[in-house]
Number of protein chains: 4
Amino acid sequence: MSERPLEKPKKQRQVLPAEMRVDALVGAAADLFIERGIDATTVDDIVNRAGVAKGTFYHYFATKTEVVHTLRDRFSADYLSRVASAMEACPEGDHTARLRAWIRGAVATYLANFQLHDVVFHDFTHERRRSEEKDAILDQLASVLQDGQRAGAWQVPDARGVAIILFHGMHGLVDDAIAAGQRGPEPLCDLLEDMFLRMLNA
Amino acid sequence: MSERPLEKPKKQRQVLPAEMRVDALVGAAADLFIERGIDATTVDDIVNRAGVAKGTFYHYFATKTEVVHTLRDRFSADYLSRVASAMEACPEGDHTARLRAWIRGAVATYLANFQLHDVVFHDFTHERRRSEEKDAILDQLASVLQDGQRAGAWQVPDARGVAIILFHGMHGLVDDAIAAGQRGPEPLCDLLEDMFLRMLNA
Amino acid sequence: MSERPLEKPKKQRQVLPAEMRVDALVGAAADLFIERGIDATTVDDIVNRAGVAKGTFYHYFATKTEVVHTLRDRFSADYLSRVASAMEACPEGDHTARLRAWIRGAVATYLANFQLHDVVFHDFTHERRRSEEKDAILDQLASVLQDGQRAGAWQVPDARGVAIILFHGMHGLVDDAIAAGQRGPEPLCDLLEDMFLRMLNA
Amino acid sequence: MSERPLEKPKKQRQVLPAEMRVDALVGAAADLFIERGIDATTVDDIVNRAGVAKGTFYHYFATKTEVVHTLRDRFSADYLSRVASAMEACPEGDHTARLRAWIRGAVATYLANFQLHDVVFHDFTHERRRSEEKDAILDQLASVLQDGQRAGAWQVPDARGVAIILFHGMHGLVDDAIAAGQRGPEPLCDLLEDMFLRMLNA
DNA sequence: AATGAATGAGCGTTCATTCAT
DNA sequence: CATGAATGAACGCTCATTCAT
């Protein structure tokens with residue numbers, strides 16, 4: 001008699017490098033969070049999609065929340081580097097060009113990632129509204145403003161304050177476009193460039 | 001007579017007008033949501049604070065979520081009317097003054113209510129980011145911009161777009177101030193007036 | 001100013017004869033029980049459909065279960081009288097014809113009312129399987145058998161026992177036909193007549 | 001050391017083969033369902049009697065209803081096999097003996113299990129009255145009839161129809177005996193044999 | 001007799017986390 | 001490292017019944 005194959009293949013215990021496991025879990029979590037939201041996603045869902053046992057999840061993350069934090073860090077780092085590289089193409093001295101580059105980089109990056117953004121910043125209340133991640137992002141823009149200021153390209157009374165206004169102005173405009181189903185960056189960037197430069201060059 | 005060892009006083013049944021009951025429930029819910037968040041507040045918590053039985057809650061609301069919606073509607077209506085009355089003091093023709101009034105009204109109202117704001121707009125994702133409430137709020141500002149435009153006070157390429165930028169710029173700046181613990185509106189308003197008017201009058 | 005009509009017409013308190021109220025409630029309950037089952041029907045459902053306030057229900061019935069009992073009684077009385085009148089057409093002395101009449105009357109009545117039957121005998125367990133209603137129904141058939149026996153038309157060792165066998169045999173066959181979607185009585189009656197007469201005339 | 005006033009012993013976690021856990025839960029459920037009925041039995045009752053945590057119940061069953069289905073399947077399988085083995089003792093060719101064996105097997109099995117029967121077939125309405133389980137049971141009897149028919153032992157116009165009549169006749173007679181408190185199979189079997197054979201041999 | 005607001009005990013289900021293997 | 005059975009606190013919601021009006 002041939003061996004009767006078990007109904008449940010009793011998945012072989014598979015030893016994999018930590019990094020792969022973490023990536024699989026974080027990736028599965030990201031997809032599911034985007035699909036159905038954080039609360040509606042269970043740890044079971046995550047491990048099922050990642051093809052891993054439940055205990056394995058807790059081997060790599062202390063809590064479900066920790067995955068959200070990991071995702072948040074990845075999101076911020078990615079955002080920062082994408083915008084930075086968008087600005088790198090610009091000559092150091094051309095401040096207007098750098099601001100334009102910031103706008104285009106920020107809009108493009110946000111448009112490309114807004115779903116994950118929604119997920120990872122979902123539970124931001126005022127207690128957490130000033131975070132390291134956000135400070136880094138604002139600093140990036142504030143630097144542009146300050147450099148231009150120092151070089152006499154424009155006058156800003158308060159670089160951080162203005163950075164906040166610009167950042168959230170941009171954010172809100174893109175949000176609205178997303179909600180309206182307009183996913184093209186051009187008209188948004190044009191309007192933002194126009195208004196922001198008017199603000200600075202007045 | 002049999003002993004009656006400290007049984008609960010069997011609170012008398014109170015028949016009250018619907019509006020009072022709803023207010024008590026909504027009020028209790030608002031307080032608790034602000035204190036501990038929506039998820040951490042149970043329906044039991046709400047009815048205990050409101051001093052009614054659990055069934056009474058479900059007599060007036062189909063689900064816990066429905067209270068959040070009610071709160072959202074109340075928040076928006078309140079915001080709208082407060083800002084409107086802040087602007088009413090201004091002469092019709094003075095568009096700059098009206099924009100200033102909008103800024104001061106909006107900042108003051110938001111500062112006064114940000115905790116509830118956090119609660120009721122907590123779960124706004126892009127699917128809901130363009131809502132009737134928000135449209136009403138944006139329209140209010142867009143009207144100011146359009147009136148000024150028509151009167152030749154300034155040039156705005158796209159009233160709704162600019163309204164979005166201003167609204168979110170304001171929002172972000174106040175958020176940051178709240179997070180930093182600065183609750184005074186003055187410096188915020190000054191900066192916003194300065195930047196917004198530069199943007200419009202360029 | 002004309003009086004503003006209230007949004008809720010505040011249904012006028014209507015005094016009606018008890019019998020009409022009871023009929024309305026029992027009728028509404030029967031419909032709903034058939035539609036969705038007893039458990040899935042709430043007292044609220046019943047009063048809504050009956051167009052009556054909740055308290056009125058408890059004015060006429062002590063409990064929800066009591067309506068089921070009322071319905072049960074009505075069902076049984078109706079069944080009994082329908083079958084009886086089906087047999088009345090037969091000459092007293094023709095026992096075979098009377099049995100045939102019983103079969104046709106019982107099948108037709110059950111086919112016409114099986115939905116309500118399902119509802120009112122839903123929770124019959126062995127504790128309740130011998131009830132007054134059922135006894136009355138079995139007696140009706142047992143009398144036919146006994147009369148025939150006395151007249152020498154057939155031999156039955158135990159009239160009540162045989163009545164039970166015939167009654168449930170009929171019941172089961174009709175149930176199966178209903179489940180199969182065949183709602184015509186003829187083939188069922190033919191088979192039952194054939195088998196039952198064979199049983200008795202052997 | 002701090003005092004540890006009678007805290008619960010914190011039952012050790014026991015890892016057991018799935019089958020044992022399922023059996024424990026199904027068994028506890030069956031007992032309780034029989035004792036107090038399905039609705040009056042809570043999932044808490046079941047897990048307490050089975051000695052497991054509530055979550056364990058839902059690890060093995062998606063809903064409370066699922067246990068009822070499991071019980072139904074077990075009941076039907078048990079019934080079928082008991083009756084089958086009661087008939088196995090009979091010589092293939094003796095059709096009357098096989099029918100007698102069916103009667104005795106069916107009566108005995110039903111008498112032995114009627115309480116569980118009441119539980120698992122409690123909510124059978126016409127929508128479910130023709131089920132796979134029942135078909136299997138009817139087929140078993142219909143085969144006996146058909147075999148006898150083919151061998152010329154008797155004439156049945158419609159094997160399935162007659163099987164239904166016999167099965168429900170038997171069922172009803174046993175139900176009545178149970179309700180009357182007579183638990184001995186003999187008189188029931190005697191009557192059934194007499195009547196059924198008269199029906200077939202006519 | 002009639003109304004409908006108010007009550008509150010009760011229950012099924014969820015799911016993050018633990019831990020024996 | 002990896003597995004997945006086991007845990008149990010927690011909660012939203014239902015609904016028959018009561019009773020002030």
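In the text below, chain A, chain B and the rest are named by the order of the sequence lines, each starting its count at 1.
Nucleic acid contact class of C:T56 (heavy atoms, under 4.0 Å, all strands): base. As judged by a 4.0 angstrom heavy-atom cut-off over every strand, D:T41 is placed among residues touching the sugar-phosphate backbone only.
Listed candidates were E:dT13, E:dT3, F:dA6. Nearest to the side chain of D:V43 is E:dT13. Nearest to the side chain of B:K54, among E:dA9, F:dT3, E:dT13, sits E:dA9. Considering only side-chain atoms of A:K64, the nucleotide from E:dA16, F:dG12, F:dA16 that sits closest is E:dA16. Among the nucleotides E:dG4, E:dA2, F:dA2, the one closest to any side-chain atom of A:Y60 is F:dA2.
A salt bridge links D:D23 with D:R74: the distance from a Lys NZ or Arg NE/NH1/NH2 to an Asp or Glu carboxylate oxygen falls below 4.0 Å.
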Subject >> CA sep, side-chain torsions, deciding dist, call: D:R72, D:E66, salt bridge (charged side-chain N to carboxylate O under 4.0 Å, His left out) >> reply: CA-CA 10 Å; D:R72 183 129 77 211; D:E66 202 171 294; over 6 Å; no
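Atom NE2 of A:H59 is separated from atom C1' of E:dT17 by 16 Å (rounded to the nearest Å). The CZ-C1' distance, from C:F61 to E:dA2, rounds to 15 Å in whole Å. Atom OH in B:Y58 sits roughly 4 Å away from atom C1' in F:dG12 (whole-Å rounding). Rounded to whole Å, atom P of F:dA9 lies 17 Å from atom CG of B:D44. Per the geometry, CD1 belonging to C:I38 stands 15 Å off C1' belonging to F:dA16, to the nearest Å.
Below 30°, between 30° and 60°, or above 60°: for C:F75 and C:F121 the angle between ring planes is above 60°, a perpendicular geometry.
Here the closest heavy-atom approach between residue B:L116 and residue B:L71 is recorded as CD1-CG, 4.1 Å.
Checking each of B:D44, B:D39, B:D45 against B:T42 for a side-chain hydrogen bond (donor to acceptor under 3.5 Å, both in side chains) leaves exactly one that passes, namely B:D45.
DNA chain F lies under 4.0 Å from at least one heavy atom of each of the following residues of residues 16-36 of chain D: D:L16, D:R21.
No side-chain donor-acceptor contact under 3.5 Å links D:T70 and D:D73.
Using a 4.5 Å heavy-atom cutoff, the side chains of A:L32 and A:E35 are in contact.
Donor-acceptor pairing under 3.5 Å, judged by distance alone, is present between the side chain of B:R13 and the base of E:dA6.
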